[in-house]
Amino acid sequence: MIKLISFKNCPFVQRVMAALAVKDIPFEIEYIELSNKPQWFFDISPNGQVPVLITENDTILFESDAIVEYLDDKYAPIESLSPEQKALDRAWSYQASKHYMVQCGTMSSKDKETFESRFESLAKAFAKAEKKLTGKRFFKGESISNVDIAWLPLLHRALIIKQGSGFDMLAEYPKVQQWQSELYNSGLMNKAVPDDFIEVFSHFYLTNNYLASLKNNNQQGCMPKSQCDTRATSLSCCG
Ligand SMILES: N[C@@H](CCC(=O)N[C@@H](CS)C(=O)NCC(=O)O)C(=O)O
């Protein structure tokens, strides 16, 4: 069985897990701590980063773009595409993945000024998507594509931040909000993270920083009642 080497909070890992989940590919997973990488990981990983995917032939794959392409080549793409459409899908996927670390940096900001200046650059990605979306369920139509899978980590994290702090990264982007809801309702966001993701994520991104101060000052720092039953969360249910 293929094996994914992961870190619980990593958006690049979440993208790969979503690609595996959407194709229903069984896989084993092993989590490591990036602050204390084991020697065996250094031995196998050319760039020292997760995700690493170990194929059924024991080939070590790295770089999430390459892994997602491999999954398409090996297990058949979720749709058949012309070369042009494939290139466009890769380009739109890149518009998301190049902002993963920007979003992580934004969420980690210690103060308002840093948060706002970092968010400005992240918001440009959402603005670009807002302009491109046509009001269909997903990015290109009624079914999930690789572009949706690439954007899923950004949209999932924006959702948890909104529920945890009251700050809505998508406040000015109604079509992106709708897309976020469709992806959440598809169940794929939660299939692409470990069971304790919200707890681990909130511990890292909603503690001792600017977003945590919003959470403490903001009555919205709680989970909407309708979602309390379905989500593992460290947040309380709204009154
Ligand atoms: N370009 C890589 C980026 C992966 C990446 O940045 N992974 C982070 C965790 S989210 C990591 O392993 N960081 C540890 C390090 O750089 O030492 C990919 O697409 O797979």
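One-based numbering, in listed order, for ligands and for the atoms of each. Throughout, residue positions are numbered sequentially from 1 according to the sequence presented.
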ask   = Any side-chain donor-acceptor pair under 3.5 Å between Asp148 and Trp179?
value = yes
query = Does Leu53 share a hydrophobic cluster with Trp40, counting links as ILVMFWY side-chain heavy atoms below 4.5 Å and allowing steps through other members?
reply = yes
query = With a 4.5 Å heavy-atom cut-off, do Leu154 and Phe126 have their side chains touching?
reply = yes
task = For atom 1 (N) of ligand 1, grab the closest protein heavy atom and report residue, atom and distance to one decimal in Å.
result = Glu63 OE1, 2.6 Å
inquiry  = Any heavy atom of Phe12 closer to ligand 1 than 4.0 angstrom?
reply    = yes
request  = Please write down residue, atom name and distance for the protein heavy atom closest to atom 13 (N) of ligand 1.
outcome  = Leu34 CD1, 3.8 Å
task = Quick one: look up the protein heavy atom nearest atom 10 (S) of ligand 1 and list residue, atom name and how far away it is.
result = Cys10 SG, 2.5 Å
query = Are any of the side-chain heavy atoms of Arg15 and Tyr100 separated by less than 4.5 Å?
reply = yes
query = Quick one: nearest non-hydrogen protein atom to atom 3 (C) of ligand 1, plus distance?
reply = Gln49 OE1, 3.4 Å
key: Shortest protein contact, atom 14 (C) of ligand 1 (heavy atom only)   = Lys37 NZ, 3.8 Å
ask   = Is Val50 touching ligand 1 with its side chain, its backbone, both, or neither, if touching means heavy atoms under 4.0 Å apart?
value = both
task = Give the cluster check for Phe7 versus Val102: same hydrophobic cluster or not, with ILVMFWY residues linked at side-chain heavy-atom distances below 4.5 Å.
result = no
request  = Assess whether ring pair (Phe, Tyr, Trp, His ring centres under 6.0 Å) is satisfied between Phe115 and Phe167, documenting all intermediate values.
outcome  = CA-CA 11 Å; Phe115 180 88; Phe167 184 86; 4.9 Å; yes
task = May I ask you to identify the nearest protein heavy atom to atom 19 (O) of ligand 1, giving residue, atom name and distance to one decimal place in Å?
result = Ser64 OG, 2.6 Å
task = Just jot down the ligand 1 atoms closer than 4.0 angstrom to any heavy atom of Pro51, in number order.
result = 20 (O)
task = Report, as yes or no, whether the 6.0 Å neighbourhood of atom OH on Tyr94 holds more than 12 heavy atoms from other residues, nucleotides or ligands.
result = no
